[in-house]
Amino acid sequence: MTGPFTVSRRTTLTTLSAAAAASAMPALGKPVGLARDIFRHGVASGDPDATSVVLWTRVSGVEQATVAWEVASDPGFRKVAASGQFVTGPERDFTVKALAEGLKPGAQYYYRFRCKGVTSPVGRTRTLPVGPVKRLGIALASCSNFAFGYFNAYDAIARDPAVDFVLHTGDYIYEYGADGWGGDISRKLGRVHQPANEIVSLSDYRTRHAQYKSDAGAQTMHAAKPLLACWDDHESANNPWVGGAQNHQPETEGNWADRRNASIQAYYEWMPVREPGPGRTRAQFWRTYVFGDLATLSTLETRHTARALQIDYEPYRKSITSFADAQRMEREAIGAPGRTMLASELEADLTAAWTNSKRLGQPWRLIGNPMPIARTRVPDVVSLGLIPDPATQPKPLPAALDLAWKGKWNLPFYTDTWDGYEWARARFYAQAQSAGVNGLIFLSGDSHSFWANRLADGSGKPVGVELGTAGITSPGDFVESGFDPDTASKLDQAFAEHNPEVIWTDNLHQGYVRLVLTPSAGHASFIAVDTVTSPVYRARAISEWNLRKVAGELALEKIQA
């Protein structure tokens with residue numbers, strides 16, 4: 001198991017290759033001198049294909065600007081591979097997004113920007129490989145809430161030499177105001193959300209993105225690794241669906257479509273992602289990444305193009321008085337036919353990606369999945385003695401009341417995840433089987449917990465595995481809800497014992513998942529940081545797993561410490 005390491009985000013990036021170090025390359029993403037004023041939000045790259053990659057920065061303190069950019073194969077920029085200019089201004093919040101084309105497949109590059117005679121920090125990126133590929137390293141990240149602490153896990157990703165690309169599955173920003181979720185902690189840390197109000201307008205979303213990209217860990221990671229991104233809910237508002245969101249009140253916050261469109265516009269301005277192709281809209285934000293003959297990664301859009309309204313448990317809390325009642329509610333409400341999650345265009349793109357993957361003879365097919373897909377029901381936590389019966393407590397925790405009720409009737413933990421869309425999940429699995437693919441690897445976010453899950457369809461046929469990541473800063477549900485760490489750990493164990501699809505879970509830590517694939521095997525490391533309340537931290541692997549094909553099926557095998 002990987003040992004711990006102690007770092008400060010004020011130190012220089014230490015995971016440079018020997019060649020780069022020998023070239024005395026300046027620290028990636030570290031603005032110096034006047035660059036601190038003009039390029040205060042750092043640099044980023046992402047959304048690569050085999051011959052191109054998106055480059056991003058933002059310039060400050062200018063009225064209108066022509067920004068030059070260049071890409072080189074060496075850190076000294078003696079071998080320039082591509083260059084150009086980009087005109088930016090207030091109409092796009094002074095962000096710069098250039099598509100560097102004509103690059104070599106599977107190659108590492110360095111990039112920088114110039115504006116008003118000032119040079120930006122240097123970034124490092126890479127294109128997707130073609131042909132034979134011996135290894136691929138992906139960091140899985142999710143749920144980075146500025147108010148809860150420093151983005152230390154981002155910094156750890158930047159320093160991780162095994163990571164080639166970063167997959168962020170959503171909740172890159174959060175919409176809450178200064179007095180919202182995490183407000184008390186943010187005031188102690190000096191990380192109070194800006195603007196102070198819950199973000200609703202285009203200006204609000206732009207300001208919040210700017211704040212998140214001021215974090216040193218975020219700047220270091222973006223400068224060091226190219227980003228593969230999809231979004232979840234908090235990039236717009238908590239728990240959206242095609243017609244609204246749980247955290248949107250039309251009476252005081254206006255039209256939902258206007259708010260959603262503002263959030264999407266700001267996302268495209270502030271993130272290193274490609275603009276939509278012909279016939280597609282910005283809301284249709286999903287991608288296919290092909291890594292030579294080794295793997296295909298398909299990301300999902302599950303919020304703004306097809307999602308049906310979530311099922312709320314509240315109307316059923318009094319009417320469910322037996323297991324028969326609970327099962328009827330699941331069958332008739334949660335499992336109702338036609339409760340969609342994925343757009344038909346996305347489904348078509350998935351089939352095309354899987355068909356191409358089979359043609360290439362790839363052993364691995366990955367899904368960038370915004371929220372958990374494993375079946376996760378709540379165990380009877382009261383009967384198991386994990387928590388006292390809330391009915392006997394003078395002031396029970398709201399979370400205890402919720403867990404006790406769900407556990408009594410063996411109900412799904414959350415209905416905003418795939419557990420609330422059984423018809424859509426079954427449709428997804430059936431589509432994969434019809435395409436002749438099995439052994440999918442789902443890389444999932446949203447839950448603020450680590451997960452190692454084995455997946456099966458409704459008949460019990462194996463579908464693949466799921467690796468879920470904890471939050472970058474967002475706390476695990478049990479601890480954040482008021483349970484002590486010992487109880488939270490016991491709840492984790494109870495969930496794993498109760499649910500056949502859950503092998504292991506941990507809601508006590510923040511961090512990321514590192515997945516390394518070779519043609520014959522995979523290795524997953526769950527990397528935790530010991531704190532998010534200080535920029536000095538320790539990172540270590542708290543659990544490690546091997547992935548391999550056994551009798552044609554994908555197996556997860558835990559490595560004992």
Side-chain angles (χ1 to χ4, degrees), residues 28-29 31 34-48 52-71 82-101 111-123 125 144 146 151 154 166 168 172-175 194-195 199 201-216 218-231 235-236 259-276 281-283 285 287:
L28 295 177
L34 292 175
R36 285 194 295 261
D37 297 323
I38 293 183
F39 296 103
R40 67 182 63 163
H41 299 100
V43 300
S45 71
D47 221 348
S52 65
V53 64
V54 174
L55 309 178
W56 179 94
T57 192
R58 199 253 189 182
V59 292
S60 303
V62 298
E63 294 295 327
Q64 191 90 16
T66 297
V67 181
W69 58 268
E70 58 182 346
V71 178
S83 62
Q85 293 185 332
F86 191 95
V87 178
T88 188
E91 71 283 352
R92 55 176 301 111
D93 201 23
F94 301 96
T95 58
V96 175
K97 195 164 64 172
L99 182 63
E101 298 179 285
Y111 63 95
R112 63 187 179 186
F113 300 86
R114 286 196 180 94
C115 180
K116 306 294 183 182
V118 177
T119 302
S120 76
V122 174
T125 191
S144 39
F146 191 90
F151 296 157
Y154 281 167
V166 180
H168 200 296
Y172 181 90
I173 64 167
Y174 281 74
E175 83 277 18
Q194 300 172 359
I199 53 177
S201 69
L202 177 58
S203 175
D204 290 342
Y205 282 101
R206 286 170 165 174
T207 300
R208 188 64 55 85
H209 272 281
Q211 181 183 37
Y212 275 56
K213 280 202 168 62
S214 71
D215 179 89
Q219 292 191 7
T220 303
M221 181 192 74
H222 280 301
K225 316 281 183 178
L227 186 72
L228 318 176
C230 55
W231 57 45
E235 285 86 353
S236 56
R259 181 179 184 180
R260 180 191 62 202
N261 292 341
S263 72
I264 291 175
Q265 179 176 335
Y267 187 91
Y268 272 83
E269 290 172 346
W270 277 86
M271 298 293 284
V273 298
R274 294 172 189 257
E275 294 298 319
T281 69
R282 282 179 163 180
F285 180 50
R287 299 287 188 267

Practice task
Taking atom types as modelled, find out whether S201 and D204 have a side-chain donor-acceptor pair closer than 3.5 angstrom.
Solution key: yes
Handout entry: T57 to G42 - nearest heavy-atom pair and separation
Key = OG1-O, 2.8 Å
Practice task
To the nearest 0.5 angstrom, please state how far the NZ atom of K116 sits from the CD1 atom of I38.
Solution key: 8.0 Å
Problem - F86 vs T66 side-chain heavy atoms within contact, under 4.5 Å - result: no
Exercise for the section: Locate the shortest heavy-atom distance separating V87 from R92; write the atom from each residue and the value. Expected result: O-CD, 4.4 Å
Practice task
Taking all non-hydrogen atoms of both residues into account, name the closest pair between G46 and V53 and its distance.
Solution key: O-CG2, 3.4 Å
Completion exercise
Sorted by chain and number, sequence neighbours left out, side-chain contact (heavy atoms from CB on, under 4.5 Å) with Q219 holds for P31
Completion exercise
When every non-hydrogen atom of Q85 is compared with those of W69, the smallest separation belongs to N-NE1, 3.6 Å
Practice task
Would you mind checking if K97 and E269 are paired as a salt bridge, meaning a charged N to carboxylate O distance below 4.0 Å?
Solution key: no
Practice task
First locate atom OG1 of T125, then atom CG of L55, and finally report the distance between them rounded to the nearest 0.5 Å.
Solution key: 7.0 Å
Practice task
Assess whether side chain to side chain contact (heavy atoms under 4.5 Å, CB included) is satisfied between I199 and T207, documenting all intermediate values.
Solution key: CA-CA 9 Å; I199 53 177; T207 300; over 6 Å; no
Problem - Interatomic distance, S214 atom OG to H41 atom NE2 [nearest 0.5 angstrom] - result: 6.5 Å
Practice task
Could you grab the distance from atom CZ of R114 to atom CD of E70, nearest 0.5 Å is fine?
Solution key: 4.5 Å
Handout entry: With sequence neighbours excluded, residues passing ring-ring contact (aromatic ring centres under 6.0 Å, His included) with Y268
Key = F285
Problem - Results of side-chain contact (heavy atoms from CB on, under 4.5 Å) for Y212 - residues two or more places apart only - result: N145, F146, F151, I173, Y174, H193, R208
Handout entry: Any donor-acceptor pair under 3.5 Å from Y205 side chain to S236 backbone
Key = yes
Practice task
Examine distances only and state if a side-chain atom of E235 and a backbone atom of S263 form a donor-acceptor pair shorter than 3.5 Å.
Solution key: no
Completion exercise
When every non-hydrogen atom of V62 is compared with those of F94, the smallest separation belongs to O-CE2, 3.1 Å
Fill in the blank from the handout: d(L227 CG, D47 CG) to nearest 0.5 Å is 8.5 Å
Completion exercise
Applied to residues 53-66, the salt bridge (charged side-chain N to carboxylate O under 4.0 Å, His left out) test, sequence neighbours excluded, yields R58-D93
Practice task
Please work out whether the ring planes of H222 and Y154 are parallel, tilted or perpendicular, with thresholds of 30° and 60°.
Solution key: tilted
Practice task
State which residues pass side-chain contact (heavy atoms from CB on, under 4.5 Å) with S52; sequence neighbours excluded, sorted by chain then number.
Solution key: D49, L99, E101, R274
Exercise for the section: Name all residues meeting the side-chain contact (heavy atoms from CB on, under 4.5 Å) criterion together with R40; count only those two or more places apart in sequence or in a different chain, and write none if there are none. Expected result: S60
Handout entry: Under 3.5 Å donor-acceptor, K213 side chain and W270 backbone
Key = yes
Fill in the blank from the handout: For Y111 and A44, the nearest pair of non-hydrogen atoms, with its separation, is OH-C, 3.0 Å
